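The structure appears below as structure tokens.
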Amino acid sequence: MVKIPTGCFMMGTNNVYEYELGRKNGRERPVHQVCIDSFYLDKHEATQKEYVETMGKNPSYFPGDNLPVEHVKFKEAQEYCSLRGKRLPTEAEWEYAARAGGVDDYPWGPEIDGDYVWYDLNSVRKPHPVGTRKANAFGVHDMLGSVWEWVSDWYSDHYYEVSPRDNPQGPQERQSWRVIRGGSWVDDPENIRVTVRYRGDSDGTYHFLVGVRCARDLTLSP
């Protein structure tokens, strides 16, 4: 795991994009300050080997020990992290760690860079072993591209309008979906920006290329 330092950042974006025809990215606005306490985060997404060792099964459509596990349901992601003495990151923790101090659409700058991410133009439409792209400034690999990742928050289009500044945990009321982040190897650059947030079915997998990366509180050793 990697120790993510305490810090504050501006979450969300002021830029306007379309998720689908006629549907703007209002879910990423307004930009708001968020402050995060230090925590540990897995250096890369869970591999299929790690998942099988923990869960005793492999839900992935594309098999390979060192490939990221995918087709993971939310409750399975929660269980996987719990069995390893960890938890899912919050959405704010995820974006803070993904940005790693960056302020652009991507942690490394304003344009896509295939040295850091597996996406539609360099993946050849197939998964690749975890950790084979460059790490971001916090030392974390594959936060963007590769596979989508579950976070612990319930999904709401309007949460950013009411989010607290310090360690936000997401909507308090039960919603219909959980949040997935990061994009996958089949997505184009606009869909793997660091602020992109989609709703994932909380009981199944809305987007099938969804994996898991776990976090751990700082009070526990990595």
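Position 1 is the first residue of the sequence; numbering continues from there. Because the structure is a prediction, the values reported are computed rather than measured. Side chains included, hydrogens not; waters and symmetry mates left out as well; all remaining heavy atoms used.
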Check against side chain to side chain donor-acceptor pair (under 3.5 Å), Asp217 and Thr219 | CA-CA 5 Å; Asp217 294 337; Thr219 53; 4.9 Å; no
Checking the side chain of [X] only, and the main-chain atoms of [Y] only, is there a donor and an acceptor separated by less than 3.5 Å?
{"X": "Asp187", "Y": "Ser184", "answer": "yes"}
{"X": "Gln169", "Y": "Asn167", "answer": "yes"}
{"X": "Asp142", "Y": "Val130", "answer": "no"}

Between Tyr106 and Asn136, a side-chain donor and acceptor under 3.5 Å = no
Give a yes-or-no answer on whether the side chains of Gln48 and Asp65 include a donor-acceptor pair shorter than 3.5 Å.
-> no
Measure the spacing between [atom1] of [X] and [atom2] of [Y] and express it to the nearest 0.5 Å.
{"X": "Leu218", "Y": "Ser38", "atom1": "CG", "atom2": "OG", "answer": "4.5 Å"}
{"X": "Thr90", "Y": "Asp153", "atom1": "OG1", "atom2": "CG", "answer": "5.5 Å"}
{"X": "Glu93", "Y": "Ser152", "atom1": "CD", "atom2": "OG", "answer": "7.0 Å"}
{"X": "Leu41", "Y": "Met143", "atom1": "CG", "atom2": "CE", "answer": "5.5 Å"}
{"X": "Met1", "Y": "His44", "atom1": "CE", "atom2": "NE2", "answer": "11.0 Å"}
{"X": "Ser163", "Y": "Met11", "atom1": "OG", "atom2": "CE", "answer": "6.5 Å"}

Shortest non-hydrogen contact between [X] and [Y], atoms and distance:
{"X": "Ile180", "Y": "Val210", "value": "CG2-CG1, 3.9 Å"}
{"X": "Tyr159", "Y": "Gly170", "value": "OH-N, 3.2 Å"}
{"X": "Gly139", "Y": "Val2", "value": "O-CG2, 3.6 Å"}
{"X": "Val72", "Y": "Ala77", "value": "CG1-N, 3.7 Å"}
{"X": "Ile36", "Y": "Val34", "value": "CD1-CG1, 3.7 Å"}
{"X": "Cys81", "Y": "Leu88", "value": "SG-CD2, 3.8 Å"}

Sort out for me which residue in Arg213, Arg181, Arg178 forms a salt bridge (charged side-chain N to carboxylate O under 4.0 Å, His left out) with Glu149.
-> Arg213
Do you know which of Arg84, Lys3, Lys86 makes salt bridge (charged side-chain N to carboxylate O under 4.0 Å, His left out) with Asp42?
-> Lys86
Which of parallel (below 30°), tilted (30 to 60°) and perpendicular (above 60°) describes Tyr96 and Phe9?
-> tilted
Would you call the rings of Trp108 and Tyr116 parallel, tilted or perpendicular, where under 30° means parallel and over 60° means perpendicular?
-> parallel
State plainly whether the residues [X] and [Y] are in salt-bridge range, i.e. N to O under 4.0 Å.
{"X": "Arg197", "Y": "Glu91", "answer": "yes"}
{"X": "Asp157", "Y": "Arg199", "answer": "no"}
{"X": "Glu95", "Y": "Arg99", "answer": "yes"}

Can you sort out the partners of Arg29 under salt bridge (Lys or Arg N to Asp or Glu O under 4.0 Å), two or more places apart, ordered by chain and number?
-> none
Does Tyr119 have its ring centroid less than 6.0 Å away from the ring centroid of Trp185?
-> no
For Thr195 and Glu28, what are the C-alpha separation, side-chain angles and deciding distance, and is it a side chain to side chain donor-acceptor pair (under 3.5 Å)?
-> CA-CA 6 Å; Thr195 57; Glu28 301 174 28; 2.7 Å; yes
Contact list for residues 120-135, test side chain to side chain donor-acceptor pair (under 3.5 Å), sequence neighbours left out | Trp118-Thr132
Same cluster (ILVMFWY, side-chain, under 4.5 Å), Tyr61 and Val147 | yes
Val69 with Leu67, same ILVMFWY side-chain cluster at under 4.5 Å = no
Answer yes or no for Arg216 and Phe39: cation-pi contact, defined as NZ/CZ to six-membered ring centre under 6.0 Å and angle to ring axis within 45°.
-> no
Around atom CD of Glu173, are there more than 12 heavy atoms of other residues, nucleotides or ligands at under 6.0 Å?
-> yes
